[in-house]
Amino acid sequence: QVQLVESGGGLVQAGGSLRLSCAASGRTFSSFAMAWFRQAPGKEREFVAIISWNGETTYYTDSVKGRFTISRDNAKNMVYLQMNSLKPEDTAVYYCAADEVGGTRAQYEYWGQGTQVTVSS
């Protein structure tokens, strides 16, 4: 089992920044690909970013490229999402996810409870 707890969400004005954190516990964290997904009201959960088990490979959905950065610290069992130049359309509940395989589909084995990000215009 892996437990994931997100933090760092909040209310920010358009153009501002937030840093989300995801604390992992349980099974060997460093063996998992880690990802961030988000879900806006009335919409399906969508992929945001993924980082490989060793942090060497990252991938982003087109709408956040150049604005968001995913990173991880395996020594601390932490994953981060630095979000800059935020837009109102980034408003959603953001979820941290872990999986041995990874990918961009919302079929991860482990999920956090989510943290709300609201961007005002």
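Numbers here simply count residues along the sequence, with the first being 1.
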Handout entry: Point-to-point distance, once rounded to the nearest 0.5 Å, from CD of E89 to CZ of R38
Key = 8.0 Å
Practice task
Could you tell me whether the side chain of Y95 and the main chain of Q39 form a donor-acceptor pair under 3.5 Å?
Solution key: no
Handout entry: hydrophobic_cluster_shared for W53 and Y110, side chain cutoff 4.5 Å
Key = no
Exercise for the section: Validate the cation-pi geometry between R45 and W111: distance from NZ or CZ to the six-membered ring centre under 6.0 Å, angle to the ring axis within 45°. Expected result: yes
Exercise for the section: Using atom types as modelled and distance alone, determine if a side-chain donor or acceptor of T115 lies under 3.5 Å from a backbone N or O of G9. Expected result: yes
Exercise for the section: Answer yes or no: is there a donor N or O on one side and an acceptor on the other, between the side chain of Y108 and the main chain of G103, under 3.5 Å? Expected result: yes
Handout entry: K65, NZ: over 12 other non-hydrogen atoms inside 6.0 angstrom
Key = yes
Handout entry: Criterion side chain to side chain contact (heavy atoms under 4.5 Å, CB included) on E46 and F37, from CA distance to verdict
Key = CA-CA 5 Å; E46 67 169 352; F37 287 77; 5.8 Å; no
Fill in the blank from the handout: Closest heavy-atom pair, P88 versus S121, reported as atoms and distance to 0.1 Å, is CG-CB, 3.9 Å
Practice task
Flag the pair L11 / Q116 as yes when at least one side-chain heavy-atom distance between them is below 4.5 Å, and no otherwise.
Solution key: no
Problem - Residue pair T69 / N84, side-chain heavy-atom distance below 4.5 Å - result: no
Problem - Heavy-atom closest contact (N54 atom, S52 atom, distance) - result: OD1-OG, 2.9 Å
Practice task
Could you tell me whether a side-chain N or O of T61 sits under 3.5 Å from a main-chain N or O of V48, the two making a donor and an acceptor?
Solution key: no
Practice task
Compare all side-chain heavy atoms of Q82 with those of I70 and state whether any distance is below 4.5 angstrom.
Solution key: no
Exercise for the section: Return yes if some donor-acceptor pair links the side-chain N/O of R67 with the main-chain N/O of S85 below 3.5 Å, else return no. Expected result: yes
Problem - Atom pair OG (S25) and CG (L4), whose distance is rounded to the nearest 0.5 Å - result: 7.5 Å
Practice task
Check whether any side-chain heavy atom of M83 sits under 4.5 Å from a side-chain heavy atom of S17, and report yes or no.
Solution key: no
Problem - Distance in Å, K76 NZ paired with F29 CZ, rounded so as to fall on 0.5 Å steps - result: 12.5 Å
Practice task
Using atom types as modelled and distance alone, determine if a side-chain donor or acceptor of R105 lies under 3.5 Å from a backbone N or O of F47.
Solution key: no
Practice task
Mark yes or no for whether D73, through its side chain, and M78, through its backbone, hold a donor-acceptor pair below 3.5 Å.
Solution key: no
Problem - Sub-4.5 Å side-chain heavy-atom contact between L86 and L18 - result: yes
Problem - Hphob cluster co-occupancy, L81 + V93, side-chain heavy atoms under 4.5 angstrom - result: no
Exercise for the section: For residues M34 and C96, report the shortest heavy-atom separation together with the two atoms involved. Expected result: CE-SG, 3.6 Å
Handout entry: Salt-bridge criterion met for D90 and K87 (N-O under 4.0 Å)
Key = no
Exercise for the section: Examine V79 and V64 and state if one hydrophobic cluster contains both, with Ile, Leu, Val, Met, Phe, Trp and Tyr joined whenever side-chain heavy atoms are less than 4.5 Å apart. Expected result: yes
Practice task
Any chance you could measure I50, atom CD1, to T104, atom OG1, to the nearest 0.5 Å?
Solution key: 7.5 Å
Practice task
Measure from the side-chain N and O atoms of N77 to the backbone N and O of C22, and report whether any donor-acceptor pair falls under 3.5 Å.
Solution key: no
Practice task
Compare all side-chain heavy atoms of Y80 with those of S21 and state whether any distance is below 4.5 angstrom.
Solution key: yes
Handout entry: Approximate separation, where rounding is to 0.5 Å, of E6 CD and Y94 OH
Key = 12.5 Å
